[in-house]
Amino acid sequence: MASNSTKSFLADAGYGEQELDANSALMELDKGLRSGKLGEQCEAVVRFPRLFQKYPFPILINSAFLKLADVFRVGNNFLRLCVLKVTQQSEKHLEKILNVDEFVKRIFSVIHSNDPVARAITLRMLGSLASIIPERKNAHHSIRQSLDSHDNVEVEAAVFAAANFSAQSKDFAVGICNKISEMIQGLATPVDLKLKLIPILQHMHHDAILASSARQLLQQLVTSYPSTKMVIVSLHTFTLLAASSLVDTPKQIQLLLQYLKNDPRKAVKRLAIQDLKLLANKTPHTWSRENIQALCECALQTPYDSLKLGMLSVLSTLSGTIAVKHYFSIASGNVGSSPRSSDLVRLAQECCYHNNRGIAAHGVRVLTNITVSCQEKDLLALEQDAVFGLESLLVLCSQDDSPGAQATLKIALKCMVKLAKGRPHLSQSVVETLLTQLHSAQDAARILMCHCLAAIAMQLPVLGDGMLGDLMELYKVIGRSATDKQQELLVSLATVIFVASQKALSAEIKAVIKQQLESVSNGWTVYRIARQASRMGNHDMARELYQSLLTQVASEHFYFWLNSLKEFSHAEQCLTGLQEENYSSALSCIAESLKFYHKGIASLTAASTPLNPLSFQCEFVKLRIDLLQAFSQLICTCNSLKTSPPPAIATTIAMTLGNELQRCGRISNQACMKQSMEEFRSLASRYGDLYQASFDADSATLRNVELQQQSCLLMSHAIEALILDPESASSQEYGSIGAAHADSEYERRMMSVYNHVLEEHTACLCNAIIALLKVPLSFQRYFFQKLQSTSIKLALSPSPRNPAEPIAVQNNQQLALKVEGVVQHGSKPGLFRKIQSVCLNVSSTLQSKSGQEYKIPIDNMTNEMEQRVEPHNDYFSTQFLLNFAILGTHNITVESSVKDANGIVWKTGPRTTIFVKSLEDPYSQQIRLQQQQAQQPLQQQQQRNAYTRF
């Protein structure tokens with residue numbers, strides 16, 4: 001029986017084996033907490049973070065933490081340690097605890113235990129809760145008391161809690177600063193405890209006075225305790241305090257440079273370099289020319305490669321910021337020297353050919369950044385030094401496949417891309433160097449070099465044609481083994497070939513790629529190459545590769561996905577046969593393309609699943625289909641404009657209808673033109689909606705959607721300017737009137753001019769359509785791959801038990817609607833953009849009335865509200881006060897959208913709906929019934945009087 005209950009508990013509370021609602025999952029874990037076996041209790045405790053992740057709303061989290069607090073209060077130390085670990089793992093959910101007082105009360109009761117280990121765990125628990133109880137005086141008092149304990153475990157726990165509370169509470173930091181100072185300077189305090197107490201001072205940055213006193217104490221410590229460990233801990237705390245308080249950063253840079261120059265201990269020098277790197281990343285604008293000069297002198301004088309590497313890493317970080325511009329501007333302004341004669345350049349030139357790869361990489365990076373950022377005329381020597389240094393580093397690292405060599409090679413290749421972008425006249429030599437070295441390099445280095453070539457070819461397309469010959473030769477002789485590096489190299493080389501060949505691939509290139517892929521048994525490699533072909537617009541190649549993969553997948557969803565990609569590629573391939581001035585063939589090409597697009601959208605719909613609905617892909621393809629149909633309709637309308645003569649009764653129709661445009665006969669097709677213009681504007685609006693709904697898309701995908709939107713706006717503007725403009729419409733009107741009775745030669749010649757102008761306008765529209773369609777459509781990364789995933793989960797309260805059941809509210813009262821939400825992320829949160837605030841829009845509509853009609857003010861009939869909230873730890877909450885004066889059933893819709901750090905609004909959803917039934921309040925109902933009862937005898941009396949008279 002016990003084994004059955006254990007099996008049930010593990011199955012229900014496990015990792016998703018059974019999908020339970022929040023209450024059921026909590027009950028199952030509570031069952032484990034109340035078990036008599038310690039193992040089951042511990043297992044239940046450690047499963048709580050998974051529960052918080054799955055149901056991250058305050059009601060459940062509050063109940064769960066109260067249960068954990070009970071376990072902490074009555075359990076043994078091992079259970080308390082488990083609860084502590086759960087609390088530390090669930091730090092972002094602590095603010096959702098509603099009954100903070102009750103929770104802390106249960107935890108705090110253990111602080112009075114006689115067991116020092118229990119007290120230590122409690123102190124660590126309180127320290128982990130410092131973000132929600134920063135000003136609890138009893139917690140402050142307990143920490144101060146425990147710092148004087150004779151038990152080392154309890155003292156260490158008190159130090160941990162003191163650090164956490166100092167970071168959160170100004171009052172605690174001010175009160176504990178003197179205590180920490182006394183303990184550090186006291187002779188009775190062990191050295192190891194002093195080393196643990198000193199880092200607390202990094203949190204003394206709440207105001208200038210506190211930061212100054214902490215800085216003075218650290219200055220005394222550095223001077224009074226010259227041992228290596230004490231100096232290292234004090235200096236690092238010094239740096240963190242300066243980085244947080246900001247005002248003392250220049251002094252801290254000078255202090256670190258002083259230790260780097262004068263202290264003989266390598267450990268202290270390494271710590272100084274590490275802290276200088278931290279300050280270079282965080283506050284590069286605070287570095288003066290003297291600071292950079294001192295660092296260059298130290299690097300030039302040191303005989304140790306490890307220290308030189310560290311100093312150069314700091315300088316390479318600074319060289320990419322405003323500090324290097326400040327350095328050279330002051331040098332040229334005051335000293336009169338050029339960048340070539342400075343110590344920084346001399347150091348970089350010396351290090352470019354160093355036998356240590358890391359030193360050489362940082363030297364090359366410094367030279368590259370100086371070359372790109374300093375826009376002076378006499379930098380020819382620096383440019384040559386940078387190029388030669390990059391070439392030597394490339395030769396050195398491309399023959400070695402060790403991780404260190406690959407990391408150095410990445411730095412060099414990034415510098416090559418930056419140099420080609422900043423100094424375009426150097427790009428040709430950079431590309432030639434890469435192509436020459438590509439043949440003899442290791443496979444791992446070849447992959448990185450291909451990425452570099454693709455990046456340069458994207459920035460400077462003119463270099464693409466020169467790459468193709470070398471790339472095709474390499475593709476022919478590349479190995480055919482099935483190793484991962486070889487597969488990756490095939491994909492990288494194919495990508496560079498697609499980028500380099502700006503237009504359609506030649507038959508020779510296709511044959512070489514197919515021949516190589518036939519010997520590759522890895523279908524994933526073929527799919528990746530086909531995906532790259534679709535992104536670069538080589539749809540004929542992509543269609544053949546997708547076709548070859550259809551029989552190699554085991555899932556029907558994958559089959560339908562590949563089949564839809566094949567049909568889309570075939571549809572786009574049909575558009576490559578478009579020719580200018582040949583409008584009939586353009587119509588047939590568009591019709592053929594639409595046929596394959598409709599097949600593809602059917603397969604794409606079949607490939608979608610509830611977990612992967614493919615919403616972006618479906619909407620993108622639907623918009624493409626509608627755009628092609630709009631293009632086809634516009635060409636037909638233009639043809640009808642040129643071929644339809646005005647009817648004989650056009651003038652009579654115009655006079656009857658009062659519309660002068662009807663005189664034009666063929667121009668009366670302007671209704672079709674106006675409809676086309678509105679359709680293109682509608683498509684542009686839909687592309688805009690797709691853009692706003694694609695919060696997780698990469699920048700290239702969003703740019704692609706934006707270009708499609710601009711093409712629609714361009715066509716609508718062209719139609720309006722060429723056909724529907726009032727001035728051109730009036731001239732066409734007069735031309736059509738002259739066509740009805742052209743008696744003189746002058747009128748006939750003028751009529752021919754009008755016809756020519758009209759044909760020019762319609763031909764311009766058709767040529768614009770063909771020109772737009774001749775540009776191959778690019779299926780960007782987001783169509784295939786989602787690197788960032790962001791979703792919002794909303795919870796409304798009050799909420800009915802049954803979603804279809806309405807919430808009852810009286811019409812003289814207002815409903816307080818609480819909206820809570822959780823932002824959920826994928827594996828790479830904030831990769832492209834982050835959520836700054838969430839916009840919640842609440843609206844209500846009356847679905848059905850009940851009872852009598854009352855005259856209600858218009859303000860009381862609708863609810864339309866909007867609020868912006870900033871999520872904290874991915875959680876937000878707000879309230880709305882809604883009025884339902886009209887009796888009946890109301891539909892409340894809550895829709896969320898997000899605003900990123902750049903102020904752009906994204907319509908991410910979700911959209912949640914609940915129903916409210918507005919009921920008449922009892923007092924009004926009683927008064928109405930009394931009035932009805934009072935009116936009934938009067939009506940009966942009137943009725944009897946009428947009978948009597950009769």
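All values below come from the heavy atoms of this structure, side chains included, with hydrogens, waters and symmetry mates left out.
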Inset, instruction - Please answer whether the main-chain N or O of G826 pairs with a side-chain N or O of Q788 as donor and acceptor at a distance below 3.5 Å. - result: no
Inset, instruction - Go through the side-chain N and O atoms of Q252 and T239 and say whether any donor and acceptor fall under 3.5 Å apart. - result: yes
Legend entry - Close side-chain approach of L38 and L79, heavy atoms under 4.5 Å: yes
Legend entry - Stepwise side chain to side chain contact (heavy atoms under 4.5 Å, CB included) check, N873 with E91: CA-CA 9 Å; N873 286 332; E91 183 180 0; over 6 Å; no
Inset, instruction - Give a yes or no on this: more than 12 heavy atoms of other residues, nucleotides or ligands lie within 6.0 Å of atom NE2 of H150. - result: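 No, not enclosed.
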Inset, instruction - Identify whether the distance between the nearest side-chain nitrogen and carboxylate oxygen of K31 and E28 falls below 4.0 Å. - result: yes
Legend entry - S789 and D696: side chain donor to acceptor below 3.5 Å: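 The answer is no; no qualifying pair exists.
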Inset, instruction - Determine the minimum heavy-atom distance between F57 and E820, stating which atoms define it. - result: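 Taking every non-hydrogen atom into account, CE2-O, 3.9 Å.
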Inset, instruction - Please check if the distance between the ring centroids of F65 and F52 is under 6.0 Å. - result: yes
Inset, instruction - Identify whether the distance between the nearest side-chain nitrogen and carboxylate oxygen of D30 and R34 falls below 4.0 Å. - result: yes
Inset, instruction - Taking the side chain as every heavy atom from C-beta outward, state whether L66 and R106 have any pair of such atoms under 4.5 Å apart. - result: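 They are in side-chain contact.
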Legend entry - Spacing of T249 atom OG1 and L241 atom CG [to the nearest 0.5 Å]: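 One finds 9.5 Å between OG1 of T249 and CG of L241.
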Legend entry - Q53, CD: over 12 other non-hydrogen atoms inside 6.0 angstrom: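 Check fails, neighbour count at 12 or below.
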Report all side-chain donor-acceptor pairs from residues 264-271 shorter than 3.5 Å, counting only partners two or more places apart or in another chain.
unit_1: R265; atom_1: NE; unit_2: D263; atom_2: OD1; d: 3.0
unit_1: R265; atom_1: NH1; unit_2: P226; atom_2: O; d: 2.6
unit_1: R265; atom_1: NH1; unit_2: T228; atom_2: OG1; d: 3.4
unit_1: R265; atom_1: NH2; unit_2: P226; atom_2: O; d: 3.4
unit_1: R265; atom_1: NH2; unit_2: D263; atom_2: OD2; d: 2.9
unit_1: K269; atom_1: NZ; unit_2: L260; atom_2: O; d: 2.5
unit_1: K269; atom_1: NZ; unit_2: D263; atom_2: O; d: 3.1

Inset, instruction - Taking the side chain as every heavy atom from C-beta outward, state whether Q867 and Q879 have any atom pair closer than 4.5 Å. - result: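 No, every pair of side-chain atoms sits at 4.5 Å or beyond.
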Inset, instruction - Locate the shortest heavy-atom distance separating R124 from A157; write the atom from each residue and the value. - result: CG-CB, 3.7 Å
Legend entry - From R73 atom CZ to T122 atom OG1, the distance as rounded to the nearest 0.5 Å: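 It is 12.5 Å, given to the nearest 0.5 Å.
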Inset, instruction - Would you indicate whether I209, at its atom CD1, is surrounded by more than 12 heavy atoms from other residues, nucleotides or ligands within a distance under 6.0 Å? - result: no
Legend entry - Gap between atom OG of S35 and atom NZ of K37 - 0.5 Å precision: 6.5 Å
Inset, instruction - Step by step, work out the side chain to side chain contact (heavy atoms under 4.5 Å, CB included) result for L256 and L279. - result: CA-CA 10 Å; L256 291 172; L279 293 176; 3.9 Å; yes
Legend entry - Q168 (side chain) donor-acceptor with P134 (main chain) under 3.5 angstrom: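 Answer holds: no.
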Inset, instruction - For E135 and S169, indicate whether the former's side chain and the latter's backbone hold a donor-acceptor pair under 3.5 Å. - result: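 Absent.
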Inset, instruction - Please lay out, stage by stage, how L309 and I273 fare under the test side chain to side chain contact (heavy atoms under 4.5 Å, CB included). - result: CA-CA 10 Å; L309 176 62; I273 291 171; over 6 Å; no
Inset, instruction - Taking the side chain as every heavy atom from C-beta outward, state whether I792 and P910 have any atom pair closer than 4.5 Å. - result: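 Yes, at least one pair of side-chain atoms sits under 4.5 Å.
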Inset, instruction - Can you measure from CZ (R80) to OG (S113) and round to the nearest 0.5 angstrom? - result: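 The CZ atom of R80 sits 6.0 Å away from the OG atom of S113.
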Inset, instruction - Go through the steps for W287 and L295 under the test side chain to side chain contact (heavy atoms under 4.5 Å, CB included), then give the verdict. - result: CA-CA 11 Å; W287 285 69; L295 190 57; 4.3 Å; yes
Inset, instruction - Answer yes or no: does atom NZ of K834 have more than 12 heavy-atom neighbours from other residues, nucleotides or ligands under 6.0 Å? - result: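 At most 12 heavy atoms, drawn from other residues, nucleotides or ligands, come within 6.0 Å of this atom.
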Legend entry - S63 side-chain N/O to I59 backbone N/O, donor-acceptor pair under 3.5 Å: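 Side chain of S63 to backbone of I59: a pair is present.
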Legend entry - Side-chain touch D275/F238, heavy atoms, less than 4.5 angstrom: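 They are not in side-chain contact.
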Legend entry - Any V894 side-chain heavy atom under 4.5 Å of L794 side chain: yes
Legend entry - Non-hydrogen side-chain atoms of V231 and Y259 separated by less than 4.5 Å: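 V231 vs Y259: side chains touch.
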Inset, instruction - Give a yes or no answer on whether the side chain of S146 reaches the backbone of S149 with a donor-acceptor pair at less than 3.5 Å. - result: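 It does not hold such a pair.
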Inset, instruction - Determine the minimum heavy-atom distance between I200 and A162, stating which atoms define it. - result: CD1-CB, 4.0 Å
Legend entry - Atom of N62, atom of K96 and distance for their closest heavy-atom approach: CB-O, 4.3 Å
Legend entry - N802 atom CG, over 12 foreign heavy atoms within 6.0 Å: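 Yes - once you tally the heavy atoms of other residues, nucleotides and ligands closer than 6.0 Å, there are more than 12.
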Inset, instruction - Supply the atom-to-atom distance D171 CG to H206 NE2, rounded to the nearest 0.5 angstrom. - result: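 Reported to 0.5 Å precision, the distance equals 9.5 Å.
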Legend entry - Non-hydrogen atoms of S128 and N164 that approach each other most closely: N-ND2, 4.0 Å
Inset, instruction - Quick one: closest heavy-atom pair of H93 and P56, and the distance? - result: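 Scanning both residues, the minimum pair turns out to be CE1-CB, 3.9 Å.
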Legend entry - Any donor-acceptor N/O pair, S897 side chain to T908 backbone, under 3.5 Å: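 Judged by distance alone, no pair lies under 3.5 Å.
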Inset, instruction - State whether the number of non-hydrogen atoms from other residues, nucleotides or ligands found under 6.0 Å of K85 atom NZ is greater than 12. - result: no
Inset, instruction - Would you confirm whether R868, through its side chain, and K899, through its main-chain N or O, come within 3.5 Å as a donor-acceptor pair? - result: no
Inset, instruction - Keeping the roles fixed (side chain from K793, backbone from Y55), state whether a donor-acceptor pair exists under 3.5 Å. - result: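 Checked: no pair found.
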Inset, instruction - May I ask you to test the S837-F876 pair for a side-chain heavy-atom distance under 4.5 Å? - result: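 Heavy-atom side-chain distance check fails, nothing below 4.5 Å.
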Legend entry - salt bridge (Lys or Arg N to Asp or Glu O under 4.0 Å) assessment of R136 paired with D101: CA-CA 10 Å; R136 293 291 173 114; D101 293 338; 2.4 Å; yes
